[in-house]
Amino acid sequence: MSQSNIRPESMARINTPELANAFIEEQIREIRAQVGDKQVLLALSGGVDSSVVAALLIKAIGKQLVCVHVNHGLMRKGESEQVIEVFRNGLDANLIYVDATDRFLDLLAGVAEPEKKRKIIGNEFIKVFDEEAGKLSGISFLAQGTIYPDILESDGVKAHHNVGGLPEDMEMELVEPLKLLYKDEVRVVGKALGLPDKMVFRQPFPGPGLGVRCLGAITRDRLHALREADAILREEFDKCGLAGKVWQYFVAVPDFKSVGVRNSKRYEGWPAIVRAVNTVDAMTATIEEIPYDVLHRITDRITHEVEGINRVLLDLTPKPIGTIEWE
Ligand code: XMP
């Protein structure tokens, strides 16, 4: 493992399968040399970075890697299932799946303040992971999907973003094979490792997940509506080709209702707010123009297929002044 946290000037940008394969081979040698016959633990969220680290480590050390996937109940539709499918069924990974939905949602009940919600989710994540780690013996290493921008930005500014951040008192040596790579390189390596495009080109998703998009105090019924509406948005963006073009797109559902009508009866429901933005660094963002026919289709599907939603609204606010997320 490279000991340095500084990317050498001479390091070529990994942008071809050949360069990716060379990187993979080099890392496999270094990982084996570092780890020997010891076991390595990894928190596998299903995001790009942790998925690529997992695939790389599985290739290098197979079942010596123990992956823990904590489902905090705030994942998008089908995401935990995809982690299980790709890693347990596809790559035969040593994967521990923890459905901690009830723990998280019970703790979040009645909590409306965004930073408090984030803190609860972050702390509970560490607790669940810690408990799982405690059940295992003989683990000497902790793998992490740290990438180069994380190192460049580790000045505290984005500390609140690292929901997957793990306890500092874990006495394990770190394995961070991607720490000198930029995001685009991680994706090229992920593809070369055979991970599905859905995982490799996944749009950024905040650590606290749908928790910061189910606005105010989270309830299970509104969270369910949000998850279904978000899945429809993603499906329609996939179909019309916007998925590959837009940096981040999602639905947020606020905690108020408006009056509507369904089947000739009064139907009170929440609005689904659609947001689609483009950016390079997430510091500023512009609004993606969604064709009206696509918007009409999305509106039609969400209002007819999702229980509890009776309107669809479009957020046209760039960043600044709006942040990308609503909370
Ligand atoms: P904002 O809302 O600050 O978001 O404009 C900028 C980018 O960061 C993501 N984001 C988060 N990511 N934990 C994360 O891991 C968080 O708490 C969090 N809040 C925002 C957001 O999705 C966007 O890509």
Side-chain angles (χ1 to χ4, degrees), residues 43-53 69-76 79-80 83 104 107-108 111-126 128-129 144-166 178 182-184 186-187 199 201-216 218 223 226-227 229-230 233-234 237 242-254 273-288 315-327:
L44 175 59
S45 68
V48 181
D49 306 336
S50 69
S51 297
V52 174
V53 169
H69 175 69
V70 177
N71 178 357
H72 51 23
L74 304 163
M75 307 289 282
R76 287 175 294 192
E79 275 183 332
S80 284
V83 169
F104 282 84
L107 278 175
L108 287 164
V111 181
E113 215 254 297
E115 284 311 302
K116 214 164 157 194
K117 287 165 70 178
R118 269 201 177 74
K119 228 170 238 146
I120 290 173
I121 298 167
N123 290 343
E124 195 59 13
F125 182 91
I126 291 171
V128 174
F129 187 78
Q144 283 191 333
T146 313
I147 66 171
Y148 203 44
D150 298 330
I151 290 177
L152 297 177
E153 287 163 7
S154 61
D155 52 4
V157 176
K158 290 207 171 176
H160 74 287
H161 278 187
N162 294 329
V163 152
L166 297 167
L178 308 180
Y182 289 101
K183 195 77 171 195
D184 52 299
V186 175
R187 294 193 208 274
M199 213 161 227
F201 296 103
R202 209 176 89 138
Q203 53 168 321
F205 186 56
L210 299 181
V212 292
R213 297 177 182 171
C214 190
L215 310 179
I218 298 167
L223 179 63
L226 163 62
R227 182 175 285 121
D230 181 72
L233 179 76
R234 287 193 287 143
F237 266 42
L242 274 172
K245 233 184 107 208
V246 183
W247 197 78
Q248 200 170 12
Y249 47 96
F250 58 87
V251 168
V253 177
I273 301 163
V274 170
R275 187 147 174 75
V277 299
N278 276 316
T279 175
V280 266
D281 56 9
M283 305 291 281
T284 62
T286 55
I287 296 306
E288 174 69 26
D315 184 353
L316 286 173
T317 321
K319 175 181 180 176
I321 187 164
T323 49
I324 293 177
E325 303 291 342
W326 270 57
E327 286 192 338

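Keep in mind that what you see is a predicted model, and the values were worked out from it rather than measured. We count ligands from 1, going down the list as the structure has it; atoms in each ligand are counted the same way.
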Engineer: Just so I know, are the side chains of Tyr249 and Asp230 near enough to count as touching, which here means a heavy-atom distance under 4.5 Å?
Structural biologist: no
Engineer: To the nearest 0.5 Å, what is the distance between CD on Glu325 and CZ on Arg118?
Structural biologist: 7.5 Å
Engineer: Hey, is NZ on Lys319 packed in by over 12 heavy atoms from elsewhere, all under 6.0 Å?
Structural biologist: yes
Engineer: Can you list the atoms of ligand 1 that are under 4.0 Å from a heavy atom of Pro208?
Structural biologist: 13 (N), 16 (C), 17 (O)
Engineer: The criterion is side-chain contact (heavy atoms from CB on, under 4.5 Å); which residues satisfy it with Val111, sequence neighbours excluded?
Structural biologist: Lys116, Lys117, Ile120
Engineer: Checking the N or O distance criterion of under 3.5 Å, is ligand 1 in contact with Ile324?
Structural biologist: yes
Engineer: For Thr323, take its heavy atoms, then give the atoms of ligand 1 lying under 4.0 Å from any of them.
Structural biologist: 1 (P), 2 (O), 5 (O)
Engineer: Given Arg118, Gln248, Lys319, which has its nearest heavy atom closest to atom 3 (O) of ligand 1?
Structural biologist: Lys319
Engineer: Between Val52 and Arg187, is any pair of side-chain heavy atoms under 4.5 Å apart?
Structural biologist: no
Engineer: Has Trp247 got any heavy atom lying under 4.0 angstrom from an atom of ligand 1?
Structural biologist: yes
Engineer: Heavy atoms, side chains only, cut-off 4.5 Å: are Lys183 and Pro149 in contact?
Structural biologist: no
Engineer: Using a plain distance cutoff, I'd like to know if Ala282 has any nitrogen or oxygen under 3.5 Å from a nitrogen or oxygen of ligand 1.
Structural biologist: no
Engineer: Between Glu325 and ligand 1, is there a nitrogen or oxygen pair with a distance under 3.5 Å?
Structural biologist: yes
